[in-house]
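First the structure, in the form of structure tokens, and then the observations on it.
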Number of protein chains: 2
Amino acid sequence: MMPKKRIRQVDIADKLNVSVGLVSLVLSGKSHEFRISDEMAAKVIETAKALGYRPNQLARGLRTGKSGIIGLLVADISNPFFGKMARCIENEAAKLEYQVMFGSSDENSEKLENLINTFSSRQVDGMIIVPVFDSERILLSLQEQSIPFVFVDRYCEGVDEDAVVVDNYLGSYELTSLLIKKGYRKIAALAHNLGLSNIKERIQGYTTALKESPLDYPVEEFIFEVDFDQVDTRLEAVLKRAHKDGCDAFFFANNKLGISSLKYFDKIGLSIKDDIGIVSFDNPEAFQVTKPGITCLEQPIDLMCEKAIQLLSRKIEGRVKTKPERISLPGNLIIRESC
Amino acid sequence: MMPKKRIRQVDIADKLNVSVGLVSLVLSGKSHEFRISDEMAAKVIETAKALGYRPNQLARGLRTGKSGIIGLLVADISNPFFGKMARCIENEAAKLEYQVMFGSSDENSEKLENLINTFSSRQVDGMIIVPVFDSERILLSLQEQSIPFVFVDRYCEGVDEDAVVVDNYLGSYELTSLLIKKGYRKIAALAHNLGLSNIKERIQGYTTALKESPLDYPVEEFIFEVDFDQVDTRLEAVLKRAHKDGCDAFFFANNKLGISSLKYFDKIGLSIKDDIGIVSFDNPEAFQVTKPGITCLEQPIDLMCEKAIQLLSRKIEGRVKTKPERISLPGNLIIRESC
DNA sequence: AAACCTTGATAAAACGATTTAGCCAATATT
DNA sequence: AATATTGGCTAAATCGTTTTATCAAGGTTT
């Protein structure tokens, strides 16, 4: 069986005894603009279809300088939060005829750097980036390469670019206030990296809510940082420790920590709602099916992605814009039975 | 501030007063093969680094005929099962210096066709495909284009290509047998599309286990098909109906149905384990944190992806191979408290 | 009849790499 | 001394498009 060669514009041109240029003009819809006769145009389109022509986007991209690809850089595509994000970005990008290429940084700035560099090498037209800790340098260098990008979920302090995030401060403030209102007396906060912009804001909201409350204890002593790769080794101990120190409620700064902790509470034998109160950022399915359901702050991922692609595409198309925007969208407080 | 032009090989060549060809040879590591002097090679590499050269993969791809991109076509990247898959494919692909571009078909053959066509247009070197119902035609046409691809999770009956799947039959057989052993008398099965190869096998395993058991009722009458887009409208009624008809246990053919049903059982007021027994395919986090935990069959996603990329890469590299393989890997039965 | 449009096409130069054929010294071989 | 070999490089074709400049032929205008 023959390997069957791909059909190129020149094949169409040869068949019709015309030039490649003409074929190109017709196929890219410039017939009228370049006064190609309607009959000729029709013939070209017809044989293109008949031969099963598909444009070679590599060649087209090389010539036009646009690859039609958007790079999506998340911490981990297998995290349902980023999975949802990927899906929303995919949908929005598709509307503008972009394809999405993704990469997971694992919250590691070196990996992020590698990904950014390969994506740049692949001539992506723009990137949607979830920046990680300590990635300022590479992001500044990306700026210098003048490849358009926007931040989502978090931003990088030293890098002045568009960003779309949930209102982290308000969300945490609401979650924490709820715990306080319910009568919990000592609330621990857990986060995986206190250096990230979104986490900082979340801790800020948490702290402020407590400071404004009648509760009076050294809040800072009950903010715990448990890195992702320490979940298996340290999380259980931290939870036990906090409980032993009198914490009767927990604020989780993201879904991973919330979910993992659920397992440990069960193991330790602490009953949620009866023994301890719980609130968390994000709204993964696990929070919806577990009993009691977990009170949480759902992020408007679809809206965030819509905005992000809007910002990105106008950058790509070079539509001017005075200053980078930092868009903050309200989260959705979902009250369940965990507190 | 200047737009700062990208550095090309010719810029390096000009700076050193040599030809582009030489620069290319050096940078692609062919110095020795083409007897470029070590000092020259060193100079090229040095200035490449100094100027911050990054190869243009579009140009390279156009010339070499390899884009370095693998297309991943799943049903929905936001489904944690496919999210995990994406992550594993990403990791395996990275080892071979491939980037991954993804697309979600939503179990829709038209969408799949569009995605396959755009991916083909983008010159992906190969694709990992989760085929959907009624996609035989487009897949055969892909075969004719001689673009390498392998199936994962399911295969398409009429298309003879490599496939990597979990042992669906055995997994379902084990899950169902467990329910039978626990003493449940009437077990309903729910699936979202009985036409898919993996679902067929799962139903086969379920049916066989029942037929081999002392239980004696018309099994076929308790196999329910609830499409993804009918979950909100029909699932609750189906569950109620089955329970009213005497079903005391449920077999779910995938995570989506299992998770959604959990919510409805809660709503209907049926207590899992006390009132009904439950088993499901897949092992999403929701099954791990809910109480009681859901007994399920975990798929070896990492292994499946490893195999899939192996098969794909050997196809891409044209390494001969007698016949397409259909690899079936054993699942991992996880026994929890839901039955 | 010369000058001018108009219409409908073509030819050729890009885009940035890879890759092959070949050139010219200098050295080695017979 | 003539020829072959080797080392080190260059020139040019090529990948499949897009895009601009150009051209031929016919129709209008003076």
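The analysis underlying the following values was restricted to heavy atoms, covering all of them including side chains, and did not include hydrogens, waters or symmetry mates.
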Can you work out whether B:Gly21 or B:Leu62 has the more 5'-proximal nearest nucleotide on DNA chain C?
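Its nearest nucleotide being more 5', the pick is B:Leu62.
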
Calculate the interatomic distance between [X] atom [atom1] and [N] atom [atom2]; express it in whole Å.
X	N	atom1	atom2	answer
B:Glu39	D:dG7	CD	C1'	12 Å
B:Leu22	C:dT19	CG	P	15 Å
A:Glu33	C:dG8	CD	C1'	15 Å
A:Asn56	C:dC15	CG	P	18 Å
B:Leu58	D:dT14	CG	P	22 Å
B:Asn17	D:dC9	CG	C1'	13 Å
B:Met40	D:dG7	CE	C1'	15 Å
B:His32	D:dC9	NE2	P	12 Å

Which nucleotide in [options] has an atom nearest any side-chain atom of [X]:
X	options	answer
A:Arg60	C:dG16, D:dC9, D:dT18	D:dT18
B:Arg35	C:dT10, C:dA17, D:dG7	D:dG7
A:Val18	D:dT17, D:dC9, C:dT10	C:dT10
B:Gln9	C:dA17, C:dA13, C:dT10	C:dA17
B:Ser37	D:dC9, C:dG16, C:dA9	D:dC9

Side chains of B:Ser67 and A:Arg122: is there a donor and an acceptor less than 3.5 Å apart?
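No.
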
Please tell me if B:Lys30 has a side-chain N or O lying less than 4.0 Å from either OP1 or OP2 of C:dT19.
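Yes, B:Lys30 has a side-chain N/O under 4.0 Å of OP1/OP2 on C:dT19.
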
Under 3.5 Å: donor-acceptor pair, side chain of B:Arg54, backbone of A:Ser121
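No.
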
Does B:Ser135 use its side chain to pair, donor to acceptor, with the backbone of B:Ser109 at less than 3.5 Å?
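The answer is no, because no donor-acceptor pair under 3.5 Å joins these two groups.
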
Is there a donor N/O on one and an acceptor N/O on the other, under 3.5 Å, for the side chain of A:Arg8 and the base of D:dG16?
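No such pair is found, so the answer is no.
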
No-H, no-angle donor-acceptor pair, B:Arg63 side chain to D:dT14 base, under 3.5 Å:
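Answer yes: a donor N or O sits under 3.5 Å from an acceptor.
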
Under 4.0 Å, heavy atoms only, any strand: does B:Leu25 hit a base, just the sugar-phosphate, or nothing?
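Base, at least one base heavy atom under 4.0 Å.
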
Quick check: on DNA chain D, is the nucleotide nearest B:Phe34 upstream (toward 5') of the one nearest B:Thr64, or the reverse? Name the residue that is more 5'.
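Nearer the 5' end of the strand: B:Phe34.
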
With the threshold set at 4.0 Å, does a side-chain nitrogen-carboxylate oxygen contact exist between A:Asp106 and B:Arg87?
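A salt bridge is present here (some side-chain N lies under 4.0 Å from a carboxylate O).
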
Taking B:Lys95 first and then B:Glu92, would you say they form a salt bridge - that is, a charged N and a carboxylate O separated by under 4.0 Å?
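Salt bridge flag = yes for B:Glu92 with B:Lys95.
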
